[in-house]
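Shown next, in structure tokens, is the structure this report addresses.
Only this structure's heavy atoms are used, side chains among them; waters, hydrogens and symmetry mates stay out.
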Amino acid sequence: ELHRIREGLEARVGERTRELQAKNEELRLEIAEREDIEETLRESDERFRTILDNANDGILLADLEYKYFHMANRVISEMLGYGDDEMLGFNADDISGSENRSKVLAELERIERGEDGPALDITLVKKDGSVFYVEISATHIRLAGKKYLMGIFRDVTERKRAEDELNRIHEELEGMF
């Protein structure tokens, strides 16, 4: 009788051991799959960050829902005089100044409606309070299932100064005749 009970217990232990081994193999495969996914995401993030940081123009990603900056590349940080992650959590008001507020809000609303339009020329305020001219083009993008507004900022200060100088000279010449 003990021999029969022992064989029954051994059979159940053997069955349970096989079940646990199968579950362990499932978990091992799931862990390996997750590690592969995480590595792919890390590589993708690294590629995206490399592209962002090597662009010639400043780039900001703004969270559409909360309107704060989610990501800033090296160029926009340098343009505005901030450290790498110092601008995260800022919003458009923090860099555009009060005189541009209505222009920026109108532009954001236009983009949110999905309407195309020309690039926006405005002044931005640097960390030190000085002002410079930028041309901004913006579009919606989706990252990891979330919508963002991507703004591309080109410093056009020198172009604006040259235009102002040409206008001044033109006015002088008109005044002479």
**Study point:** Lys/Arg-Asp/Glu bridge criterion (N-O < 4.0 Å) met for Glu1, Arg4
**Key:** yes
Review point. For Asn73, does its backbone N or O pair with a side-chain atom of Ser77 as donor and acceptor, under 3.5 Å?
Key: yes
Review point. Atom CG in Leu173, atom CG in Leu166: separation rounded to 0.5 Å?
Key: 10.5 Å
Practice item. Could you tell me whether Arg12 atom CZ has more than 12 heavy atoms of other residues or ligands within 6.0 Å of it? Key: no
Check your understanding: Would Phe132 and Phe69 show up in the same hydrophobic cluster when neighbours are defined by side-chain heavy atoms closer than 4.5 Å?
Key -> yes
Check your understanding: Same hydrophobic cluster for Leu2 and Leu9, using side-chain heavy-atom links shorter than 4.5 Å among ILVMFWY?
Key -> no
**Study point:** Met87 with Val134, same ILVMFWY side-chain cluster at under 4.5 Å
**Key:** yes
Practice item. Kindly indicate whether the side chain of Arg42, heavy atoms from C-beta on, has any atom under 4.5 Å from the side chain of Glu38. Key: yes
Revision key, fill the gap. Nearest heavy-atom contact between Asp155 and Met79 is N-CE, 3.8 Å
Exercise for review: Step through the shown structure and confirm whether more than 12 heavy atoms of other residues, nucleotides or ligands are within 6.0 Å of CG on Asn56.
Suggested key: no
Exercise for review: Look at the side chain of Asp164 and the backbone N and O of Arg159, then say whether any donor-acceptor pair between them is shorter than 3.5 Å.
Suggested key: no
Point to revise | Pair Arg28 + Glu25, salt bridge at N-O below 4.0 Å | key: yes
Review point. So do Val131 and Thr157 actually touch side chain to side chain, heavy atoms under 4.5 Å?
Key: no
Study note, to complete from the structure: For Phe48 and Leu143, the nearest pair of non-hydrogen atoms, with its separation, is CZ-CD1, 4.1 Å
Practice item. Check the pair Arg6, Glu10 against salt bridge (charged side-chain N to carboxylate O under 4.0 Å, His left out), reporting the backbone distance first and the verdict last. Key: CA-CA 6 Å; Arg6 189 175 128 210; Glu10 283 180 4; 3.1 Å; yes
Practice item. Kindly determine whether Lys127 and Glu86 satisfy side-chain contact (heavy atoms from CB on, under 4.5 Å), including the steps that lead there. Key: CA-CA 10 Å; Lys127 184 177 182 178; Glu86 202 173 351; 2.6 Å; yes
Practice item. Could you tell me the separation between the CZ atom of Arg34 and the CG atom of Leu27, rounded to the nearest 0.5 Å? Key: 9.5 Å
Review point. Does some side-chain heavy atom of Phe153 sit less than 4.5 Å from a side-chain heavy atom of Leu60?
Key: yes
Review point. Is a donor on one side and an acceptor on the other found under 3.5 Å between the side chain of Thr17 and the backbone of Val13?
Key: yes
Practice item. Quick one: do Glu19 and Lys23 satisfy salt bridge (charged side-chain N to carboxylate O under 4.0 Å, His left out)? Show the steps, please. Key: CA-CA 6 Å; Glu19 289 174 5; Lys23 286 292 184 189; over 6 Å; no
Exercise for review: List the atom of Asp57, the atom of Arg154, and the distance in Å for their closest heavy-atom pair.
Suggested key: OD2-NH2, 2.7 Å
Point to revise | Ring geometry between Phe90 and Tyr82 (parallel below 30°, tilted from 30 to 60°, perpendicular above 60°) | key: perpendicular
Check your understanding: What's the shortest heavy-atom distance between Ala55 and Val75, and which atoms?
Key -> O-CG2, 3.2 Å
Exercise for review: Using a 4.5 Å cut-off on heavy atoms from C-beta on, say whether the side chain of Lys160 contacts that of Asp121.
Suggested key: yes
Check your understanding: With a 4.5 Å limit on heavy-atom distance, are the side chains of His140 and Tyr148 in contact?
Key -> no
Practice item. Could you check if a side-chain atom of Ile59 sits within less than 4.5 angstrom of a side-chain atom of Ile76, using non-hydrogen atoms only? Key: no
Check your understanding: Would you say Leu80 and Leu124 make side-chain contact, with heavy atoms under 4.5 Å?
Key -> yes
Check your understanding: Does the salt bridge (charged side-chain N to carboxylate O under 4.0 Å, His left out) test come out yes or no for Asp63 and Lys146, once each step is laid out?
Key -> CA-CA 8 Å; Asp63 180 290; Lys146 189 168 181 165; 2.7 Å; yes
Review point. After noting the C-alpha distance and the side-chain angles of Arg18 and Glu15, does the key distance pass the salt bridge (charged side-chain N to carboxylate O under 4.0 Å, His left out) rule?
Key: CA-CA 5 Å; Arg18 284 187 295 282; Glu15 184 180 316; 5.3 Å; no
Point to revise | Glu174 side chain reached by His170 side chain, heavy atoms, under 4.5 Å | key: yes
**Study point:** Pairwise distance CE(Met71) to CG(Asp85) - rounded to 0.5 angstrom
**Key:** 9.5 Å
Point to revise | Side-chain donor or acceptor of Asp53 paired with backbone N/O of Thr50 under 3.5 Å | key: no
Practice item. Kindly give the heavy-atom pair with the smallest separation between Leu149 and Ala138, and that separation in Å. Key: CD1-CB, 4.0 Å
**Study point:** Rounded distance [0.5 Å steps], CD in Glu26 versus CD in Glu30
**Key:** 8.5 Å
Check your understanding: For Glu172, does the CD atom have more than 12 heavy-atom neighbours from other residues, nucleotides or ligands under 6.0 Å away?
Key -> yes
Practice item. May I ask you to say whether Arg49 pairs ionically with Glu46, meaning some side-chain N is under 4.0 Å from a carboxylate O? Key: no
Practice item. Return the minimal non-hydrogen interatomic distance between Leu64 and Lys67, and the atom names on each side. Key: O-NZ, 2.8 Å
Exercise for review: To the nearest 0.5 Å, tell me how far Asp36 CG sits from Ile31 CD1.
Suggested key: 12.0 Å
Revision key, fill the gap. In this structure, CG of Asn167 is separated from CD of Glu163 (nearest 0.5 Å) by 7.0 Å
